J.: 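Structure incoming, see below.
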2 protein chains.
Amino acid sequence: MTTSGFICGLDAALAVIGGKWKPLILFHLSHEARRYGDLRRAIGNVSDKMLIQQLKELEADGIVDRLDFKEIPPKVEYSLTAFGQTLAEALKPLCAWGTEHMIEVEKLMSRRGASEVEKVA
Amino acid sequence: MTTSGFICGLDAALAVIGGKWKPLILFHLSHEARRYGDLRRAIGNVSDKMLIQQLKELEADGIVDRLDFKEIPPKVEYSLTAFGQTLAEALKPLCAWGTEHMIEVEKLMSRRGASEVEKVA
DNA sequence: TCCAGTATGCACCTTTTGGTAAGTATCAAT
DNA sequence: ATTGATACTTACCAAAAGGTGCATACTGGA
């Protein structure tokens, strides 16, 4: 079925920001443009493969801009497009919600992990 | 490492609403409480296993309330908790963004699928 | 009596996603 | 000459997410 129709806008939005590192990428790029390696270090424990992959998708989706300086030790800068910035705007309240309830959510998530451990034990 | 610490609130929020059917569930329950089968039909093409699983997680996360009427043809009603309603609020702008750009996003998504088809062809 | 509807559980399998480790080309510094 | 940094690619593998189908216990309707 090619009817990939979304029911509520939430579906559409999540189709774009779904992906383990995309929220972080959005987060870091919302402040300023960043070079690849820079962004990589900022996020911390991403593999190259993953970061590149997610950046490519975001680029294909018109969320981020890739600026290749064509220099010979490679230099590439990533930034949010205007479209990406509208997304970042729309994400702010959700980000705020998450920040506000972060402790609670962390407890919930560790509980999920814990119950899985119980099954093993 | 058990440091499941989120970097930005986005991570925390997405840990809660991540899951193929959760956005839809939130969406439908934000209007009113619904019986299980009712909700199921509203969503359309979910399997029982998935819907139940996602509902259980949302329940465990304190987002939805499960009201069992203990009747003998089973009757159970799901609704948003107060906490769940704060989430729903925070999601509104994102939902609006998705609705606004839905056509664009649908094109993007079908393009993703198309390029995968190219690889096969 | 037999089937449908109710909400849910369980076993199994496929698809998707994420991760690891290696390799590429080019230059600067050691 | 080797090493390290740059941005990125590829092949291979593990884990997680999702899907299918069957089973349950009980009732009401055909």
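Source: prediction; values computed, not measured.
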J.: Could you state the OH-C1' distance from A/Y36 to D/dT6, rounded to the nearest angstrom?
T.: 10 Å

J.: Does A/L87 reach the side chain of B/L94, with side-chain heavy atoms less than 4.5 Å apart?
T.: yes

J.: Nearest-Å distance, CG (A/L55) to P (D/dT9)?
T.: 11 Å

J.: On DNA chain D, nearest-nucleotide positions of A/K56 versus A/P74: which is more 5'?
T.: A/P74

J.: Rounded to whole angstroms, how far apart are CD1 on B/I72 and P on C/dG5?
T.: 18 Å

J.: When all nucleic acid strands are considered with a 4.0 Å heavy-atom cut-off, which category describes A/F69: base, sugar-phosphate, or nothing?
T.: nothing

J.: Name the orientation class of the two ring planes belonging to A/H101 and A/W97 (parallel below 30°, tilted from 30 to 60°, perpendicular beyond 60°).
T.: tilted

J.: In whole Å, I'd like the distance from the CD atom of A/E71 to the C1' atom of D/dA7.
T.: 12 Å

J.: Nearest whole Å is fine: how far is D/dG18 P from B/L51 CG?
T.: 13 Å

J.: Which heavy-atom pair separates A/L80 from A/S30 by the least distance, and what is that distance?
T.: CD1-CA, 3.8 Å

J.: If the cut-off is 4.0 Å, is A/R112 near the phosphate of D/dA17, judged by side-chain N/O to OP1 or OP2?
T.: no

J.: Over how many whole Å does the gap from B/E57 atom CD to D/dA16 atom P extend?
T.: 13 Å

J.: Please report, rounded to the nearest Å, how far the P atom of D/dG18 is from the CD1 atom of B/I25.
T.: 11 Å

J.: Between the protein and nucleotides 16-21 of chain C, which nitrogen or oxygen pairs are less than 3.5 angstrom apart?
T.:
residue	atom	partner	partner atom	Å
C/dG18	OP1	A/K20	N	2.9
C/dG18	O3'	A/K20	NZ	3.2
C/dG19	OP1	A/K20	NZ	2.6
C/dG19	OP2	A/W21	NE1	3.3
C/dG19	N7	A/K49	NZ	2.8
C/dG19	O6	A/K49	NZ	2.2

J.: Which part of the nucleic acid, if any, lies within reach of A/P73 when heavy atoms closer than 4.0 Å are counted: base, sugar-phosphate only, or nothing?
T.: nothing

J.: Are the side chains of A/R35 and A/V76 in touch, meaning some heavy atoms are under 4.5 Å apart?
T.: no

J.: Between A/T81 and A/D65, is there a donor-acceptor pair closer than 3.5 Å when you use the side chain of the first and the backbone of the second?
T.: no

J.: What's A/K70 touching, base or sugar-phosphate or nothing? Going by heavy atoms closer than 4.0 Å.
T.: nothing

J.: Tell me whether B/K75 at atom NZ has more than 12 heavy atoms from other residues, nucleotides or ligands lying less than 6.0 Å away.
T.: yes

J.: Does B/R35 make a side-chain N or O approach to OP1 or OP2 of C/dA7 shorter than 4.0 Å?
T.: yes

J.: Tell me the closest heavy-atom pair linking A/I25 and A/I43, and the distance in Å.
T.: CG1-CD1, 4.0 Å

J.: Which whole-number value in Å describes the distance from A/R40 CZ to D/dA5 P?
T.: 12 Å

J.: Once you apply a heavy-atom cut-off of 4.0 Å, does A/R34 come out as touching a base, just sugar-phosphate, or nothing?
T.: nothing

